[in-house]
Every structure is written in C-alpha cells, then in structure tokens.
2 protein chains.
Amino acid sequence: MVGKSLNTRQKILHLGEQLLKGKGLNAFSYSDISSALGVKNAAIHYHFHGKQDLLLAIIEENITRFDEIIKKTGDKQVDVWDKLQAFLDIYISNIENNHQICLFGSLASDFLTIGAAEQVNLKSFAEKILEWLGGALAEGKALGKFKFEGDPRTRAVTVCATLAGGLQLARITGKQDFYELVEQVKADLNAK
Amino acid sequence: MVGKSLNTRQKILHLGEQLLKGKGLNAFSYSDISSALGVKNAAIHYHFHGKQDLLLAIIEENITRFDEIIKKTGDKQVDVWDKLQAFLDIYISNIENNHQICLFGSLASDFLTIGAAEQVNLKSFAEKILEWLGGALAEGKALGKFKFEGDPRTRAVTVCATLAGGLQLARITGKQDFYELVEQVKADLNAK
DNA sequence: TTGCTTACTTACTGATAAGTAAGTATATTT
DNA sequence: AAATATACTTACTTATCAGTAAGTAAGCAA
C-alpha cells in the first residue's frame, strides 16, 4: 500500500501545525493526527521519531515560509507598506484559519518544557523576524513613510507582541478586536 | 493531622496559578502540586473536585485581585499615570516571578478546549479589563495627559495584547525586550 | 528472482493522567 | 462522652499518552 504514502509526511506536518496553533503542544496527541488522516499512530513515529522531532519540523517549516517572505519582499523596489502588509498577512491568515494563534504564542507557555534544540531554533527564528521587521521599519522611517520613536528593533518587538497577543485576546473577545488592532498598528506607524 | 490543612487550599490555588502561568494548563499535573506541597493527589480533589474547578478558582482569584486594583485606583484623585502603572505592574510582577506569562496568554492556546463556564468567566474578565483600561485611557486623554488616536477600547485592546505578547516574546528573547516594550507603551501614550 | 527500501500495520509496553471510594485521625459541636 | 465535620491518606480504577518491536505488502534495483 504505497501511493497514499507519498504525502503522508506532509499531511502529518500540516495537521500537526494546525493542532499546535489550535490547541497547543500538550493538548494534541498522535491519535488526533492519526485518526484524522486514517493512519495508525506508528505511522507518525515512522515519519517523525518523536513529538520533539515533529515540533522541530513544524518550527523549521515556519522558518522556511518566513524566509520566502524575506526573499519576495527583499527587493528594494518593494514598498515598505507592502512589506509590513506581508507580515500582517501571516497573522491574518492564522485568525482566519479556525482562530489559530501564532507559533510563538502557542509555544510561549510550553517554552520552558520543550527540548533545547527546539528552544534554540525558536530563539533564532525570533531574532530573524525581529531583524527583518526592524530593518523594514527603519527603512520606512528613513524614507519618511513610517513614523515612530525609539529603536527599530524595540519597535519590531512591540509590533510582534501586539499581533501575537492580539490573536490570543481575539480568541476570547472576538475577531473584530483583532482587525481593529491591526488597523491601529498601521495607523500608528503612518507618517501622514 | 489538621493544622497544616488550614491553608492547604490556598497553597494549592497559589501553586496551581504559578504552574498555569509557568507551564500551561495541559503541562502541569496534580502530582506537580501534591508532591511540591507534600500531600497526596486526593487532597487536591478534596479541595477542588476536578481540574476544571481548580482552573475556575484560579480565574476567579485573578478577577478578585483585579477588582481590588479597580477599587484602589477608582478614586478620581488617582492620577491616570498611576492607574496605568498599576496595570503594568501586574505584567511586571509576572515576568519577575520566574518568567511567568499572563493568565490570558497562558489560557489562549487552551481556550477552545476548556469548559464553557471557564470560557464565560474568562470572557467577562477580559471585558472588565478592557472597560476599565479603556476608561482610564479616555480619562487621561480628556485631561490632556494621554495622547492616542482612535477608540479608547481599541487602544485598550492594543495595550493588553502588547503586554501579553511581550511577556511571551520575552520568554524567548529575554527580559530586556519586555522592559523596553513597557517603556515604549508609556512613551507612545505620553501627551508631552 | 532475490534482496533491499519504503511505508506502513498490528500488537504491545510502561508511564502517567485525572478521578474515586473508603477509611482515618483530629478538631469541633452538642 | 458521643456525634459530626474537616482534612486528609490509602488504594484503586480507567483512560490515554508516547513510544517500540516485529511483521507485511508493494515497488524498485541488481
């Protein structure tokens, strides 16, 4: 029985990410995945040795997707507002996908309990995001398109924190709050 | 063997809250509590019928503590900056207490899996916070002490989200980022 | 056609989870 | 002094978890 196996790994990875961002690392089990995919638990162990490995693969896929955004918007021709929007779209796609929260928001509560390799990966991913976003913010400010006070990295931290926390709060109070928050983040940065 | 029992309930409640904000709802067990307190699991069941009940009690204690802040700062004599600082201090005490994240941040990932009673409680708590903070922000703006654009409630959502997300991001990137974020929140609101 | 690899399943283990029923020691009430 | 309430413990159950060892069917490679 091959054929269906061609993309079982991808399906596990995708569903695992959905579950991670939907229920949290410790609230989903291998059975959630296997039953949904019509395979057995052992099939997951075949593709990912343990839950840690699955988590690591999920983190790495998120890094890959972010790298693609960096690449696509890396061109100096791309307007800083489009760069910002590409970043905001990550969060918007999360909330539109069954009220998911972002990877960092989901893993923050578990951060002190996950393996060292996952912590290091997550940390370097965070720094990559802050560097890229901080760079885009600084670029926008230099061009007179963004307005903000203080260090660009600190501003990037604030924007990331606001969006991550916004997804979470909106899970409790409703989507509307998140969309208003996004508009406010944009309005606050708007130089005119 | 009474005597030590006088405050076992309080100790369970307190430790449960620490664990909830430290490891997340699904990552801590009754054994974590019982072993730390030198009692048996059944003792926890005696004080709190199930984990849901413990969670509900933790949420209610957080509401009680917030109500005390409202009461203490309810006086019109209290400066709006002191009101804001009282709110910020909640988050600062969390990060200083073993890098804890806030109640909403911790429960956001589990929100879709907890009981209806806990969801309702958490939701009304969120609205209470937003109403109070939104009121304080509006008051400050009217007095010319705060400066911000847009609806006070939306601004309150943004401030809450920023602080909640900030605690989580700082767990990964370090405390310094959180303190700089707090200063930025204050600077952004400062009318002068 | 034999052997190897891929992609699983079957059947199991050991650990740990929440939860419960029944018993017990102490303190309080009557 | 007897009854009752409080605050547990002991001993257990049931469920579920991640993980593993061994087997298997299909495809490919020599």
Side-chain angles (χ1 to χ4, degrees), chain A residues 1-20 22-59 106-107 109-119, chain B residues 1-20 22-59 106-107 109-110 112-118:
Chain A
M1 210 184 283
V2 178
K4 76 167 177 180
S5 65
L6 223 135
N7 47 5
T8 297
R9 196 194 129 97
Q10 286 299 315
K11 284 179 184 170
I12 293 168
L13 200 54
H14 182 250
L15 190 53
E17 184 178 347
Q18 302 287 113
L19 287 163
L20 175 63
K23 300 172 69 176
L25 184 66
N26 290 301
F28 82 85
S29 68
Y30 274 30
S31 295
D32 288 331
I33 297 176
S34 58
S35 64
L37 297 183
V39 296
K40 302 295 166 182
N41 274 4
I44 306 173
H45 285 286
Y46 170 76
H47 290 289
F48 304 93
H49 178 258
K51 212 177 179 184
Q52 300 268 48
D53 302 79
L54 176 57
L55 175 59
L56 200 59
I58 293 171
I59 294 171
S106 176
L107 288 174
S109 54
D110 307 300
F111 186 69
L112 305 174
T113 68
I114 63 177
E118 290 76 32
Q119 286 191 348
Chain B
M1 209 184 284
V2 179
K4 77 167 176 179
S5 65
L6 221 136
N7 45 8
T8 297
R9 198 194 128 96
Q10 286 298 318
K11 283 179 184 170
I12 294 168
L13 200 55
H14 182 249
L15 190 53
E17 184 178 346
Q18 302 287 112
L19 287 164
L20 175 64
K23 298 172 69 175
L25 184 65
N26 291 301
F28 82 85
S29 69
Y30 274 30
S31 296
D32 289 331
I33 298 176
S34 58
S35 63
L37 298 183
V39 297
K40 302 294 164 183
N41 274 3
I44 305 172
H45 285 285
Y46 170 76
H47 289 289
F48 304 95
H49 179 258
K51 213 177 178 183
Q52 299 269 48
D53 302 78
L54 176 57
L55 175 59
L56 200 58
I58 292 170
I59 294 172
S106 176
L107 288 174
S109 53
D110 307 302
L112 305 174
T113 68
I114 63 177
E118 290 76 33

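Here is the naming used below: chain letters follow the sequence lines, and residue numbers restart at 1 for every chain. Below, each value reflects all heavy atoms present in this structure, side chains not excepted, and no hydrogens, waters or symmetry copies. Just so we're clear, the structure is a prediction, and the values are computed from it rather than from any experiment.
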In whole angstrom, give the distance that lies between atom CG of B:Leu54 and atom P of C:dG19.
10 Å
Which whole-number value in Å describes the distance from B:Asp53 CG to C:dT20 C1'?
14 Å
Nearest heavy-atom neighbours spanning A:Gly50 and A:Tyr30
C-OH, 2.9 Å
Between B:Asn26 and A:Ala27 the two heavy atoms that sit nearest each other are ND2-CB, 3.4 Å
Atom-pair distance (CD1 on B:Ile12; P on D:dT9), nearest Å:
9 Å
In whole Å, I'd like the distance from the CD1 atom of A:Ile33 to the P atom of C:dC8.
14 Å
Identify the two heavy atoms, one from A:Gly22 and one from B:Leu112, that lie closest to each other, and give their separation to 0.1 Å.
O-CD1, 3.9 Å
Would you tell me if any nitrogen or oxygen in the side chain of A:His47 comes within less than 4.0 Å of OP1 or OP2 on C:dC8?
yes
Result for 5'-nearest mapping on DNA chain C, choosing between A:Lys40 and A:Tyr46, is A:Tyr46
Sub-3.5 Å pairs of nitrogen or oxygen atoms, protein against nucleotides 18-20 of chain D:
residue: D:dA18; atom: OP1; partner: A:Tyr30; partner atom: N; Å: 3.4
residue: D:dA18; atom: OP1; partner: A:Lys51; partner atom: NZ; Å: 3.4
residue: D:dA18; atom: OP2; partner: A:Tyr30; partner atom: N; Å: 3.0
residue: D:dG19; atom: OP2; partner: A:Lys51; partner atom: N; Å: 2.9
residue: D:dG19; atom: N7; partner: A:His45; partner atom: NE2; Å: 3.3
residue: D:dT20; atom: OP2; partner: A:His49; partner atom: NE2; Å: 3.2

Can you establish whether the number of heavy atoms outside B:His14 located under 6.0 Å from its atom NE2 is more than 12?
no
At under 4.0 Å, does any side-chain N or O of A:Thr8 touch on OP1 or OP2 of C:dA7?
no
Between B:Phe48 (CZ) and C:dT20 (C1'), how many Å, whole number?
18 Å
Atom CG in B:Asp110, atom OG in A:Ser109: separation rounded to 0.5 Å?
6.5 Å
Hey, could you give me each pair passing salt bridge (charged side-chain N to carboxylate O under 4.0 Å, His left out) that has a residue in residues 31-50 of chain A? Not counting sequence neighbours.
A:Lys23-A:Asp32
